[in-house]
Each structure stands twice: as structure tokens, then as C-alpha cells.
Student: 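Quick one: the structure is below, questions incoming.
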Amino acid sequence: YSHPLIKSVPESDKPILSSTEFFHDLMRANLIFAMAFGYMPWGLRTPYGYESDLSDVPDIVKYLSDNGFKFVSSALRGQNGSLEAELTLERQPHTYAGAGFPNLVEIPSHGWQDVIFTEEKARALLGKKPLTSTEIKQYYEELLQRGLTLSREKSPIYICLCLHPWAVMEYDPDLSIHDHLITTAQGRGIEIVSYSQIADEVLNNPS
């Protein structure tokens with residue numbers, strides 16, 4: 001509801017909520033979803049995102065699992081908190097079975113968090129102007145190709161993006177970049193699926 005932190009990140013000094021405070025914040029948002037749309041969410045993308053998943057905050061993992069969440073997407077950063085997360089064989093969707101919650105899937109994201117394509121964030125966090133539309137398209141083309149290369153070693157490979165509607169309104173107002181991304185993926189035989197479908201596939205084939 002309030003876009004809170006549950007772990008520290010380099011660019012923010014917002015207070016870190018306790019697990020209980022986070023539960024209340026999340027439930028407040030869920031109740032609004034339920035009133036507006038008639039159902040409760042079964043997935044969560046954590047604000048800001050973190051370098052690792054939520055294994056180090058087991059109370060939150062337990063809460064999500066106990067309250068019917070199918071997936072959480074929290075590992076959204078690369079090394080040292082970078083907003084660009086690596087696409088590797090290791091950084092793929094997985095369950096929290098090791099923590100005792102085999103029915104909850106972590107879906108890490110890959111590539112830049114797209115906030116970095118906005119003027120404000122590019123200058124504040126990278127100290128330079130943002131990529132152009134052409135450069136963003138090329139970036140995503142290279143990310144897709146990286147996924148195809150990895151898929152020769154292990155299949156399936158999931159390429160999960162971190163996209164923000166408010167950022168898209170600035171860097172891709174006519175959705176031409178997103179249209180290019182979809183067309184390029186389809187042209188290379190890459191299937192476009194929902195996070196919910198990814199969670200189902202991982203739960204049905206946890207290995």
C-alpha cells in the first residue's frame with residue numbers, strides 16, 4: 001500500500017518495516033484489490049527489489065505462503081544492489097522449498113529495472129542521460145539473445161522483466177518499445193507468458 005522497504009537498498013534511506021508492519025501494509029492493499037476487482041492477489045512484487053530473494057526474512061515467506069500467495073518477485077537487483085540484474089542459469093525461478101515452503105515460487109527479474117530509462121533516475125543513479133528509444137530496443141534484443149544462448153545449456157530459461165507503468169509513461173508513451181520487444185521475442189520463437197504461468201510451471205516441475 002505504501003511502497004515500503006523490507007530490506008535496505010543503496011539509494012533509499014526509508015525506514016525498513018518489521019514483518020508485522022509489512023503484513024498490515026500488504027493486507028491493506030489486498031483488501032482494496034478485493035473491493036475493486038472481486039479477488040485477492042496471489043502474487044507480489046516487492047517494492048525496490050533486492051539482490052537476493054526473501055530467504056533471509058522467513059517470517060515474510062511464511063506469511064505469503066500461509067495467505068495463498070503463489071509467487072513473489074523480490075530478487076530484482078544485481079551485485080552490490082545494482083538495478084541491472086544478471087540473466088544467468090542460476091538466477092531463475094525457484095521455490096522456497098529449502099525454507100520449508102514448497103508452494104511459493106520466487107521469480108527474479110533480469111536486466112535493468114526500467115526506471116533507469118527515465119530522465120530523473122538515469123541522472124540520479126547513473127549520472128548520465130537515459131538511453132534513447134533505439135538503445136533501449138537494442139538492449140532488450142541483446143537480453144533476449146542472452147536467454148536463447150543460455151537455453152542451449154538448460155531449458156526452459158525464463159527472462160523476467162521489471163517494468164513500471166509510471167516509467168513507461170515517460171520513456172515509451174506510445175508503447176513502441178514494448179511492441180518491438182514483443183515482436184522480436186515472437187520472431188525468435190520466445191513464448192510470452194504471465195508470472196502466474198511461470199509459477200505453475202515451476203510448481204509442477206520443481207527440479
Student: Could you give the distance from OG1 (Thr118) to CG (Leu131), rounded to the nearest 0.5 Å?
Tutor: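 If we round to the nearest 0.5 Å, Thr118:OG1 and Leu131:CG are 11.0 Å apart.
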Student: My understanding is that only residues two or more places apart in sequence, or in another chain, count here; which of them pass salt bridge (charged side-chain N to carboxylate O under 4.0 Å, His left out) with Lys121?
Tutor: none
Student: Taking Arg45 for the side chain and Leu76 for the main chain, is one N or O donor matched with an acceptor at less than 3.5 Å?
Tutor: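 It does not hold such a pair.
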Student: Which pairs with one or both residues in residues 67-88 pass ring-ring contact (aromatic ring centres under 6.0 Å, His included), sequence neighbours excluded?
Tutor: Phe71-Tyr195
Student: Is any NZ, NE, NH1 or NH2 atom of the basic residue among Glu142 and Arg146 found under 4.0 Å from an Asp or Glu carboxylate oxygen of the other?
Tutor: no
Student: Could you list the residues that satisfy side chain to side chain donor-acceptor pair (under 3.5 Å) with Thr46, not counting sequence neighbours?
Tutor: none
Student: What pairs of residues pass the ring-ring contact (aromatic ring centres under 6.0 Å, His included) test when at least one of them lies in residues 6-32, not counting sequence neighbours?
Tutor: Phe23-Tyr63
Student: If a pair satisfies side-chain hydrogen bond (donor to acceptor under 3.5 Å, both in side chains) and one of its residues is in residues 99-108, list it, with sequence neighbours excluded.
Tutor: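 Listed by first then second residue: Ser74-Glu106, Tyr96-Glu106.
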Student: Check this for me, if you would: do Glu119 and Lys128 make a salt bridge, where the nitrogen-to-carboxylate-oxygen distance has to be below 4.0 angstrom?
Tutor: no
Student: What residues form a ring pair (Phe, Tyr, Trp, His ring centres under 6.0 Å) with Tyr171, not counting sequence neighbours?
Tutor: Phe117
Student: As an exercise, state the distance from CG of Leu181 to CD1 of Ile177, rounded to the nearest 0.5 Å.
Tutor: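 These two atoms lie 9.5 Å from each other.
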Student: Please list, chain by chain and in numerical order, all residues satisfying salt bridge (charged side-chain N to carboxylate O under 4.0 Å, His left out) with Lys137, sequence neighbours excluded.
Tutor: none
Student: Would a line drawn from the ring center of His110 to the ring center of Tyr158 be shorter than 6.0 Å?
Tutor: no
Student: Any donor and acceptor pair, going by atom type alone, linking the side chain of Thr184 with main-chain N or O of His180 inside 3.5 Å?
Tutor: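 Yes, Thr184 side chain to His180 backbone: donor-acceptor pair under 3.5 Å.
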Student: Restricting to ring pair (Phe, Tyr, Trp, His ring centres under 6.0 Å), what partner residues turn up for Phe33, sequence neighbours left out?
Tutor: Phe37
Student: Are the side chain of Asp25 and the backbone of Tyr1 linked by a donor-acceptor contact shorter than 3.5 Å?
Tutor: yes
Student: Could you pull out all residues at least two apart from Lys62 that satisfy side chain to side chain contact (heavy atoms under 4.5 Å, CB included)?
Tutor: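 With sequence neighbours excluded, Lys62 shows a side chain to side chain contact (heavy atoms under 4.5 Å, CB included) to Asp66, Phe101, given in chain and number order.
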Student: Does Gln138 reach the main-chain N or O of Glu135 with its side chain, forming a donor-acceptor pair under 3.5 Å?
Tutor: no
Student: For Glu191, enumerate each residue passing the side chain to side chain contact (heavy atoms under 4.5 Å, CB included) test, keeping only those at least two apart in sequence or located in another chain.
Tutor: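 Testing Glu191 for side chain to side chain contact (heavy atoms under 4.5 Å, CB included), a comparison that skips the adjacent residues, returns Val193, Gln197.
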Student: Could you tell me which residues satisfy side chain to side chain contact (heavy atoms under 4.5 Å, CB included) with Asn80, sequence neighbours excluded, listed by chain and number?
Tutor: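 Side chain to side chain contact (heavy atoms under 4.5 Å, CB included) check on Asn80 returns nothing, list empty.
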Student: Output all residues satisfying side chain to side chain contact (heavy atoms under 4.5 Å, CB included) with Leu143, sequence neighbours left out; order by chain, then residue number.
Tutor: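 By the side chain to side chain contact (heavy atoms under 4.5 Å, CB included) rule, Leu143 matches Leu87, Tyr140, Ile159, Leu161.
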